[in-house]
There are 2 protein chains.
Amino acid sequence: MDETDRKIIELLAEDSRRALADIGAVVGLAPSSVNERIRRLTASGAIRRFTVDTDPAALGLPMLVYLWLALREDADEAAFRRFAASHRRVLECHHVTGAWSYLVKLRVGAVTEIESVLAELKAGRFLGRSETVIVLSSAVAGPHVPAPGV
Amino acid sequence: MDETDRKIIELLAEDSRRALADIGAVVGLAPSSVNERIRRLTASGAIRRFTVDTDPAALGLPMLVYLWLALREDADEAAFRRFAASHRRVLECHHVTGAWSYLVKLRVGAVTEIESVLAELKAGRFLGRSETVIVLSSAVAGPHVPAPGV
DNA sequence: GCTGAAATCCCCATTTT
DNA sequence: AAAATGGGGATTTCAGC
C-alpha cells in the first residue's frame with residue numbers, strides 16, 4: 001500500500017469506471033500494472049467492492065435520522081446486533097463511548113417509519129431509553145449505497 | 001424510476017462491474033437497454049457516481065468519531081459549512097434537531113487528530129461547546145469512500 | 001423505450017525484461 | 001513488479017420497430 005496505490009484508490013473513488021489506461025496515465029504506469037495493483041488491493045480487502053453512490057431521495061428515503069440507544073439491562077446484545085445488521089433501514093450501528101451505548105443511523109421515507117423502528121426495538125426487548133435526532137440538512141452528506149433487496 | 005431501475009441500482013450497488021448482459025439476464029432486458037437505463041439514472045442524478053467501498057483501516061483511518069457541536073453565538077455558519085465540506089477528515093456534517101446544532105462524523109488515524117480538529121474549529125471561531133463520542137465497534141459499518149486528495 | 005447487430009474500445013492473459 | 005502484445009469480450013451506438 002504505497003502512494004501509488006492510494007492514488008489509484010482515490011481515482012477509483014471518484015469514478016470506478018475510468019479506464020485502466022487513464023489511471024495509468026495519471027500515476028505513471030502501464031494499464032496492465034494498474035490492473036495488477038487493483039487486483040491486489042481487492043484481494044487484500046483494501047477495496048471491498050465496486051459500487052454506486054446514489055441519491056437516497058430518488059430511492060424514496062429522503063429522511064436521515066440518528067437514534068441514540070441505551071439497551072435494556074437484560075437485552076441480548078448479540079441479538080440486537082443481528083437485528084441491526086439485517087434491518088433494511090439501519091445504515092450504521094455503532095457501539096460508542098459516553099452516556100448512550102449505541103448510535104444508529106437510519107434512512108426512512110417518512111417520520112412514521114421512525115416509530116416503526118422504535119416499536120421493533122421494543123418488541124425485541126432491546127430498548128431501554130432512546131433519543132431521536134432528525135437531520136434537517138447536511139453540509140457534508142456522505143455516500144449512499146442501497147442495501148441489498150429483501 | 002420503476003421497479004426495474006431499482007433492481008438495476010441494487011445490482012450495481014452489490015457490484016458495479018457486473019456486465020450489462022448479466023444485469024439484463026436478471027431484469028429481463030437486452031444489454032443495450034440496461035445501458036440506456038443506467039445512462040438515464042446517472043443523468044438524472046439517481047446514480048451519483050460509480051465508486052469503490054474501501055477498508056478505512058487499510059487507508060490509515062481506523063478510528064471513527066462523532067462530534068456533537070454547538071456553534072458559537074456569533075459563528076459564521078456558512079463558513080463553518082465550507083470548513084466541514086473541505087476538511088479531509090470530515091465524512092459527514094449534519095444540522096440536527098435537539099440540544100446540539102451539528103453532528104459531525106470523522107475518520108482519523110489516532111486520537112491526537114481529534115484534538116487537531118477541535119483546535120481548528122476553535123481557531124475558526126466556530127466552536128461553542130462540543131462532545132466527542134468515540135466508536136468502539138460497529139455492528140453495521142456503512143461504506144467508506146475516500147475523499148479526493150488535497 | 002426496447003432490440004439486435006455492427007463498430008469500437010477495453011480488459012485480460014501471456015510473454016518478456 | 002512492470003511493460004508490451006494480441007485475442008476475446010465487453011460496451012456503445014444506431015437504425016428499426
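First the proteins, then the strands, lettered A, B, ... as listed; each starts at 1.
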ring-ring contact (aromatic ring centres under 6.0 Å, His included) partners for B/His94, two or more places apart: A/Tyr66
Phosphate-side-chain proximity, A/Asn35 and C/dC11, N/O vs OP1/OP2 below 4.0 Å: no
d(CG, A/Leu20; C1', D/dA3) in whole Å: 14 Å
Length of the CZ-C1' vector between A/Arg39 and C/dC11, whole Å: 15 Å
Show each protein N/O and nucleotides 2-4 of chain C N/O combination with a separation under 3.5 Å, one pair to a line.
{"from": "C/dC2", "atom 1": "OP1", "to": "B/Arg37", "atom 2": "NE", "distance (Å)": "3.1"}
{"from": "C/dC2", "atom 1": "OP1", "to": "B/Arg37", "atom 2": "NH2", "distance (Å)": "2.6"}
{"from": "C/dT3", "atom 1": "OP2", "to": "B/Ala30", "atom 2": "N", "distance (Å)": "2.7"}
{"from": "C/dT3", "atom 1": "OP2", "to": "B/Ser33", "atom 2": "OG", "distance (Å)": "2.8"}
{"from": "C/dG4", "atom 1": "N7", "to": "B/Ser32", "atom 2": "OG", "distance (Å)": "3.3"}
{"from": "C/dG4", "atom 1": "O6", "to": "B/Ser32", "atom 2": "OG", "distance (Å)": "3.0"}

Check nucleotides 7-9 of chain C against the protein and report each pair of N or O atoms closer than 3.5 Å, with its distance, or say if there are none.
none

A/Arg49 bridged to B/Asp15 by N-O distance under 4.0 Å: no
B/Ile23 CD1 to D/dT12 P, straight-line distance once rounded to whole Å: 11 Å
Which side-chain N or O atoms in residues 116-129 of chain B pair as donor and acceptor under 3.5 Å with protein atoms at least two apart or in another chain?
{"from": "B/Ser116", "atom 1": "OG", "to": "B/Thr112", "atom 2": "O", "distance (Å)": "3.3"}
{"from": "B/Glu120", "atom 1": "OE1", "to": "B/His87", "atom 2": "NE2", "distance (Å)": "3.2"}
{"from": "B/Glu120", "atom 1": "OE2", "to": "B/His87", "atom 2": "NE2", "distance (Å)": "3.2"}

Same cluster (ILVMFWY, side-chain, under 4.5 Å), B/Val52 and A/Met1: yes
Listed once per pair and sorted, the salt bridge (charged side-chain N to carboxylate O under 4.0 Å, His left out) pairs that draw on residues 18-29 of chain A, sequence neighbours left out: A/Glu14-A/Arg18
Test applied, ring-ring contact (aromatic ring centres under 6.0 Å, His included); reference residue, B/Tyr102; option that passes from B/Phe83, B/Trp68, B/Phe80: B/Phe80
Test salt bridge (charged side-chain N to carboxylate O under 4.0 Å, His left out) applied to A/Asp55 - qualifying residues, sequence neighbours left out: B/Arg48
hydrophobic_cluster_shared for A/Val135 and A/Val96, side chain cutoff 4.5 Å: yes
Rounded interatomic separation in angstrom, taking CD1 from A/Ile38 and P from C/dC11: 9 Å
Nearest-Å distance for atom pair CZ/P, residues A/Arg18 and D/dA10: 23 Å
